[in-house]
Structures are given as structure tokens and as C-alpha cells.
Amino acid sequence: MTSDSSSRSSSSDEEDEKSTGKKPNTNSIDNSLDAIENQLSSISFNAPIDENTATFADYNHESVSEINDGSLTETVGERRVISIGESSSSRGTGLWTKNMEVEVEMDGSMASPSSSGYAGERGSSGSVSVTSGCGSDGVREVRDNGSTAGDDGVNSLDTDRGQWTSGKRHADEDDTSVSWRKRKKHFFILSHSGKPIYSRYGDEHKLAGFSATLQAIISFVENGGDRVKLVRAGKHQVVFLVKGPIYLVCISCTEEPYESLRGQLELLYGQMILILTRSVDRCFEKNPKFDMTPLLGGTDAVFYLLIHSFSQNPATFLHAYTCLPLAYATRQAAGAILQDVADTGVVFAILMCKDKVVSLVGLQKASLHPDDMLLMANFVMSSESFRTSESFSPICLPRYNPMAFLYAYVHYLDADTYLILLTGSSQAFFHLKECRIRIETVLSKSNVLSEVQRSMSEGGLRIDQLPVDPSARSGSLFHLNQRKPSPETVVGVGGPAGLLHFIYRSIYLDQYVSSEFASPINSRPQQKRLYRAYQRLYASMHDKGVGPHKTQFRRDENYVLLCWVTQDFELYAAFDPLADKAVAIRICNRVCQWVKDVENEIFLLGASPFSW
Amino acid sequence: MPSRRRTLLKVIILGDSGVGKTSLMNQYVNKKFSNQYKATIGADFLTKEVEFEDRLFTLQIWDTAGQERFQSLGVAFYRGADCCVLVYDVNVQKSFDDLNNWREEFLIQASPSDPENFPFIVLGNKVDVDGGNSRVVSEKKARAWCASKGNIPYFETSAKEGINVEEAFQVIAKNALKNGEEEEIYLPDTIDVGSTSQQRASGCDC
Ligand SMILES: Nc1nc2c(ncn2[C@@H]2O[C@H](COP(=O)(O)OP(=O)(O)OP(=O)(O)O)[C@@H](O)[C@H]2O)c(=O)[nH]1
Ligand SMILES: [Mg+2]
């Protein structure tokens with residue numbers, strides 16, 4: 001169990017220096033939850049739990065209703081409020097009320113998927129235990145056998161393309177399948193009557209019992225005028241998000257912070273709204289039995305890609321977008337023609353290359369939220385049909401107006417570059433088609449498209465090219481003829497002083513820039529691990545309970561991580577674990593200077609979409 | 001249209017403690033029966049796939065606890081139910097008398113759009129006991145009550161012997177389905193760009 005070091009930062013050799021105070025002392029609620037957890041863990045897994053899991057983080061305390069220590073001894077053992085797992089003395093899933101307590105019970109007998117009640121006799125009809133994916137034993141198995149570990153079930157998209165385009169994976173699984181229970185990260189969407197809407201793994205209908213359980217937990221707590229936000233069960237976190245009649249749940253043992261998982265549920269909800277708008281709420285108001293699943297037919301690939309991006313795309317936790325690096329004049333040329341069509345009644349005109357923005361303009365003061373851009377790009381990239389022909393599709397931008405549709409004209413200009421024109425009129429197809437032809441003509445005449453291609457293949461900021469004295473050089477990435485193409489061919493080159501990677505997020509611009517990955521961080525799992533580390537850093541820097549940090553320096557067995565937050569920007573940098581702190585800080589200063597020197601090539605300036 | 005349009009039906013089973021709700025469900029889903037009584041805590045959930053008129057349905061069965069101390073859980077469970085099954089024990093007068101309370105409680109808490117026509121079904125269970133000799137509620141009395149409540153379908157069952165269980169659930173599925181027929185129409189709006197381009201919709205707190 002301790003041999004696993006792949007996906008989490010061990011607390012043992014972690015230096016943690018924060019410029020403002022330490023976390024506040026755990027209050028009495030936390031303490032009692034700690035006590036419960038400790039007791040549970042000693043009952044069920046007889047293994048010491050480390051500080052990370054034992055501490056109930058501050059963010060959830062307001063959500064958890066009073067827990068009195070007195071009831072603990074009585075509760076552990078026979079009775080359960082929300083029973084997780086199954087003991088031989090009682091069956092299935094139970095919900096039980098007593099003085100509005102929310103408690104979590106884990107049972108050691110979870111290892112067998114057929115241990116619950118009548119389950120195991122028939123696949124599709126077993127009674128269900130609350131978090132059947134959460135057996136501590138199951139977790140350990142996954143961790144120990146490396147074959148399924150290292151990843152929460154997502155293979156690299158490139159090798160896996162055939163599968164994701166066809167939609168959901170592992171549709172044959174349900175909550176009685178061992179494989180289902182071993183998945184590291186589950187996402188569920190269900191209705192407030194407990195009807196399943198979406199599940200990342202397994203067939204929604206086969207999971208109807210499980211879905212009912214989730215609804216019962218949520219509604220039960222809601223009845224008491226409270227809200228359940230997080231349940232911890234050993235290594236697992238169960239995160240809840242209630243959006244009117246729609247409930248979203250994530251069950252994860254990835255050790256991502258609660259705030260991150262909640263943010264992912266928000267995006268999942270946003271993606272659903274993008275496809276349907278919030279007018280589904282009205283359907284539920286009129287008819288609580290309303291079954292939404294048919295409305296989401298054929299969208300599995302959209303959710304699949306989004307969930308995949310949670311571990312591959314920093315935009316999902318930074319709430320910022322990133323631009324394709326381009327010479328200033330090139331981006332200006334693209335912006336000018338987009339502005340031209342925007343003046344003819346297009347609400348937004350966006351030119352993107354994969355998940356990077358080439359240029360974007362909005363009608364008058366209409367502004368586009370980075371999360372909306374992320375969800376829209378995800379929608380376009382995951383839907384194969386956009387690639388093959390020009391398309392016109394209703395799209396709702398949840399941050400712009402969650403109640404209503406806009407219409408999106410989408411057209412791929414080459415394999416990776418696509419144009420999105422958004423309008424409020426369902427009749428505008430032919431007008432937008434004309435706009436697109438004009439744009440396409442101008443873009444190819446002015447060589448913008450070929451520049452985009454070139455930038456894609458050359459990559460962006462490379463740490464091995466971090467200038468020694470940034471300001472002494474002219475501030476451009478593009479006059480350098482010696483720029484070597486394709487960063488993949490560069491092997492074994494880290495940056496100076498052990499710099500491995502960085503992300504710079506401009507607060508005014510709602511944009512970030514990230515350095516290209518270089519050795520030794522060149523495999524997907526390594527990149528994912530780094531993003532997870534950044535994500536933790538981001539969450540801790542933005543933790544409202546602790547107050548704003550200015551800098552954070554953190555060392556674990558994988559990296560030295562340095563975070564620096566000012567009014568203008570946030571810098572996240574990763575160094576070799578042996579890097580010297582003072583030198584690392586100097587390097588970070590150089591990085592910031594470098595970014596500023598080339599900002600008009602890596603950012604979209606003057607047209608900040610959100611912060612007018 | 002999605003290729004696999006299936007319907008999910010939420011079925012709630014209510015009745016006094018010990019009348020055999022869990023046993024009926026277990027007989028229906030797993031074809032098993034146990035003499036041992038294990039009180040349900042809160043609620044149990046089971047699913048069963050059924051085929052009916054050439055369509056595939058999933059029954060999501062909510063087996064609730066009959067014991068009084070769980071009754072505050074009502075709303076959490078009842079919302080969005082497609083059918084409600086009321087169970088009593090033909091050998092226990094009180095369990096029959098309580099049917100009225102169960103029915104009313106359900107209607108209050110679930111507040112279905114058309115309470116008059118909400119599909120209930122009544123099961124008089126444990127007809128096997130003593131070869132029917134210890135029976136205190138007659139079939140006639142039970143049917144009369146059902147008739148008075150808008151012709152609720154009625155079955156005499158035995159979870160132990162498997163009598164009428166399959167038949168009862170057939171009707172449950174059928175009635176749940178009939179009730180769900182008037183599907184809600186999903187009609188989203190389109191943004192009127194003329195007016196919204198100036199002001200963004202609320203809910204943007206960034
Ligand atoms: N002879 C006979 N016994 C039955 C029948 N159905 C249930 N029982 C017995 O009655 C007892 C109670 O059955 P349960 O199904 O647990 O009752 P319940 O309605 O679920 O009770 P709660 O969970 O407390 O609400 C058990 O001992 C069963 O074996 C039946 O049809 N015939
Ligand atoms: Mg029972």
C-alpha cells in the first residue's frame with residue numbers, strides 16, 4: 001500500500017511554506033468527524049490513515065449538520081444513517097434518521113461485490129449499497145496492481161480514439177461489477193426523483209438502484225434544511241452538487257481537492273446546459289417524473305472528452321483560456337476580419353485551433369466566459385459530425401445565458417482549426433455561411449492559416465529557451481530563425497536550475513500560457529500528475545477559509561512546486577525535486593519577465609472577452 | 001432520437017412494518033423468500049428490467065421501511081414516483097386500516113400533478129398463512145375500499161408461495177407506464193440578441 005507513489009504527494013517529506021498563516025484549527029465539527037473517521041477506519045481497515053485523509057478539510061464544515069459525539073458509539077455498529085457497504089446483519093442500502101446526523105459508515109466486508117443483501121444473484125437486480133465503488137479493499141487492489149492504476153480509467157485519446165468517438169465505455173458494467181467498483185473516478189447525473197441521467201461508467205438503467213440511493217441521501221439531508229456537500233469514506237470522496245432538479249455526484253479516490261472535484265461537477269453541469277439549456281428545469285417543475293435521458297441521446301462522447309480534459313487541460317481548473325502563440329500582426333489580421341463579420345450581427349466570432357484560441361471578437365460589449373469557451377470547444381471537438389461538414393447547431397452558453405439557446409455555425413478550416421460564429425437567429429445559416437467564406441478567403445490570403453499550422457507544429461514557450469536576461473532580447477518568439485521545430489524531438493532538455501514546467505495565468509486577460517512539456521515530463525501519466533499537483537496548488541491558493549496566499553513553496557518526492565500570486569498574475573512552476581529554493585525563485589522572476597516580453601504573441605490583447 | 005429509448009419507472013412500496021413489502025420485492029426480483037424478518041432501515045432500492053408490449057422498461061423499486069420512526073423520510077423518497085404500491089397483511093386488521101394513512105401521506109408528500117388518477121395498487125399479502133384461517137380482512141372488504149378510492153387494482157398475494165406476485169407487478173408496470181404517457185414537452189428559448197447583447201444574463205459572478 002505504501003509502495004504506491006505514483007499519484008499522490010506523500011505528506012512525509014513535504015515542506016509547506018505559506019506566507020500567510022496556517023490553516024485554522026479544526027473546529028469541533030471537524031473533530032467529531034475525524035473521530036468518526038478514525039474509528040471507522042480502525043474498524044474497517046485496521047490500517048492507519050495518513051494525515052491527508054484523517055483531516056476533514058475546512059471547506060465542508062458548513063455543510064455538515066451537527067454531529068454529536070455521543071451518538072457515535074451507538075451509531076457505529078448496528079445502525080446507519082447513510083450506510084456505506086454492507087454488513088451481514090442488515091441488507092442493502094439504508095437511510096435512517098436521527099437528529100439530523102450525517103455520518104458515514106464503512107464496512108470491511110465491501111470487498112465482495114455480492115455481499116450486499118440479495119445482490120449477486122442477478123446482475124441487474126441486486127440491492128444496492130450506497131457507495132459501492134468505495135470499498136477500501138477495492139481501492140487498495142487498484143492501487144496495488146499497476147495495470148489499472150496510474151490513471152482513472154482513461155487511456156490516451158490518441159490510442160483510444162475509436163472508442164471515445166463511439167460513445168460510452170464499459171456500458172456493460174453496473175454497480176455489482178468488480179471492475180465498476182474499482183474505477184477511480186465516477187461521475188453521475190440524476191434527477192431529483194432519483195432517475196439516472198448520466199453515468200461515466202456503466203449503463204444508466206442498470207444503475208437505477210444506485211442512482212436512487214444517491215437521491216435518497218441528498219433529499220434526506222435537504223429535508224432537514226441542510227445540504228450534503230462531501231462525504232469521506234476512507235480514501236474516497238463523494239462530492240455532491242445540487243442544481244435545482246438536477247443532482248450531480250462525483251465519487252473519487254484520486255485525492256484531488258474537494259474544490260477541484262466540485263469545479264468539475266460544475267463543468268459537467270455546464271456541459272449539459274450547453275446542450276439543453278436550463279429550460280429542462282421547467283419540465284421537472286411541471287412533472288417531477290420527467291425522464292431527461294432521451295434528450296441527451298448521442299452525447300456520451302461530449303461528456304467523455306470533458307471528463308478526460310479534467311486531467312489533461314489546465315483550463316478546467318484555472319478558469320482561463322489559452323491562445324495559440326502567433327506573431328502580433330498575424331493575430332491582428334485574424335481579429336480584423338472577425339470584427340468585420342461581428343459588425344453584421346454575429347454575437348461572437350471565434351477562431352480556434354484545437355483548444356487554443358487564435359482570435360475572438362464579441363458584438364458590442366458581449367463577453368464570453370472562459371468556462372463557456374472551454375465547454376463550447378469541448379462540444380465541437382468531441383462531435384465528429386462537425387469535422388465533416390459545415391454545421392448549424394443550437395448551443396447554450398451557461399455563463400452568458402443559461403436559459404436560452406444561441407445558434408452556432410461551426411466549420412473546420414483545416415484538420416485542427418475551426419471557426420465558430422454565434423448568433424441569436426435560427427434563420428442566420430446562410431448569412432453565417434457567407435461570413436465564413438469571407439473569413440476563410442481573407443485568412444488564407446493573409447497566410448494566417450499557414451501561420452497557425454506552423455505555430456501548432458513548433459509549439460509555444462519552451463523552458464530550454466528561457467532567456468538568461470529576458471529584457472535584453474527583443475520580445476519576440478518569431479524572429480528567431482533558429483527555433484527548432486517539434487518539441488517532441490528534443491530529448492533530455494529541462495530548463496535552467498531544474499525548471500520542468502510552468503503555467504502563467506494573467507488575471508486581467510482571463511488567459512493563461514503554459515510551457516511546452518519537456519523531458520522528463522513527457523508521458524501522459526506524468527503530465528496528468530503534474531496537472532493534479534498544480535490543481536492542488538491552485539485550490540490551496542484560492543481556499544477562502546485560509547485567506548489569500550502570496551507565495552507557496554512545496555517540495556515532495558516528485559517536484560518542487562512554486563506558486564506566486566499577485567494582483568496581475570499567478571505563476572505555477574515545477575522544478576526538479578532537488579532544486580534550490582533561492583535559485584528557483586530567481587528563475588520564476590525570469591519566467592515572468594519573459595512572459596511579459598512576449599505577451600503580445602502569446603495572449604490576445606485589447607480584446608479581453610470577459611473583463612471589459 | 002437515441003437508439004435505445006428505454007423507460008425508467010419509479011415504484012414506491014408502502015405499508016406497515018412486517019406486512020411483507022421486502023419479501024414481495026425479493027420474491028419478484030430474485031425469486032427468493034426467507035422466513036426471517038429483517039426490518040428495512042430507511043429504504044432499499046432494487047431494479048428490474050421488464051419487457052412489456054415489445055418495449056424494455058427498468059423498474060426502479062423503492063422498498064421503504066414501514067416502521068414509524070422512518071416516516072419523516074417521506075418527501076425524500078416519494079418525489080417523481082410513477083406508481084405507488086400499498087401493501088397490507090390480510091391477517092392484521094391494523095395494517096389494513098392504515099392503508100388510508102399511507103395513501104394520503106403519499107399524496108401529500110409526493111404531490112402528483114393529478115392526484116385523482118395517480119396509479120396506486122393494493123396488495124393483500126400473506127394469504128398463505130394458516131391456509132387462510134387466521135385471516136381477518138376479507139377480500140370483499142378490501143375490494144370495497146379499493147373501489148371507493150377510484151378503483152385501485154387489487155391483488156391477493158403470498159410472497160412466500162409466490163402467489164400473484166408476478167401478476168401484480170405486471171399491472172404495476174402497466175399502470176405506471178400509462179400514467180407517464182403524457183410526456184413533458186421540452187421547449188427551450190432562443191436568445192433575443194437585440195436585447196441581450198447589451199446585458200449579460202445573471203449568474204455571472206466572476
Ligand atoms: N407466511 C408468509 N410470511 C410472509 C409473507 N411475506 C412476508 N412474510 C414474513 O413476514 C415477515 C416480514 O416481512 P418483510 O418483508 O420483512 O416485511 P416489511 O413489510 O418489509 O417490513 P419493514 O421492512 O419493517 O417495513 C418476514 O418474517 C417474512 O418472512 C407471506 O406472503 N407469507
Ligand atoms: Mg422491509
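In what follows, every chain begins at residue 1, and chains take the letters A, B, ... in the order their sequences are listed. Note that these values count all heavy atoms, side chains included, but never hydrogens, waters or copies made by symmetry.
Ranked by heavy-atom pairs under 4.5 Å with chain B, the first of A:Ala212, A:Pro394, A:Pro288 is A:Ala212. Highest contact tally toward chain A, considering only B:Pro112, B:Ala81, B:Ser111, is held by B:Ala81 [criterion: heavy-atom pairs under 4.5 Å].
B:Leu8 CG to A:Lys289 NZ: the interatomic distance, rounded to the nearest 0.5 Å, is 12.5 Å. Atom CH2 of residue B:Trp62 and atom CD of residue A:Gln215 lie 3.5 Å apart, to the nearest 0.5 angstrom. Rounded to the nearest 0.5 angstrom, B:Asp114 CG and A:Asn287 CG are separated by 11.5 Å.
B:Lys10 places a side-chain N or O within donor-acceptor distance of the main-chain N or O of A:Ser193, the cut-off being under 3.5 Å.
Heavy atoms only, all atoms of each residue included: B:Phe45 and A:Gly209 are closest at CB-O, 3.7 Å.
Looking at B:Gln60 and A:Pro196, their side chains come closer than 4.5 Å, going by heavy atoms from C-beta outward.
With a threshold of 4.5 angstrom between heavy atoms, B:Ala65 does not approach chain A through any atom at all. At a 4.5 Å heavy-atom cutoff, A:Leu397 makes no contact with chain B through either its backbone or its side chain.
Within 6.0 Å of the CD atom in B:Glu51, the count of heavy atoms belonging to other residues, nucleotides or ligands exceeds 12.
Under the side-chain hydrogen bond (donor to acceptor under 3.5 Å, both in side chains) criterion, A:Thr299 pairs with no residue, sequence neighbours left out. A:Arg278 meets the side-chain hydrogen bond (donor to acceptor under 3.5 Å, both in side chains) test with A:Tyr269, A:Asp281; sequence neighbours excluded.
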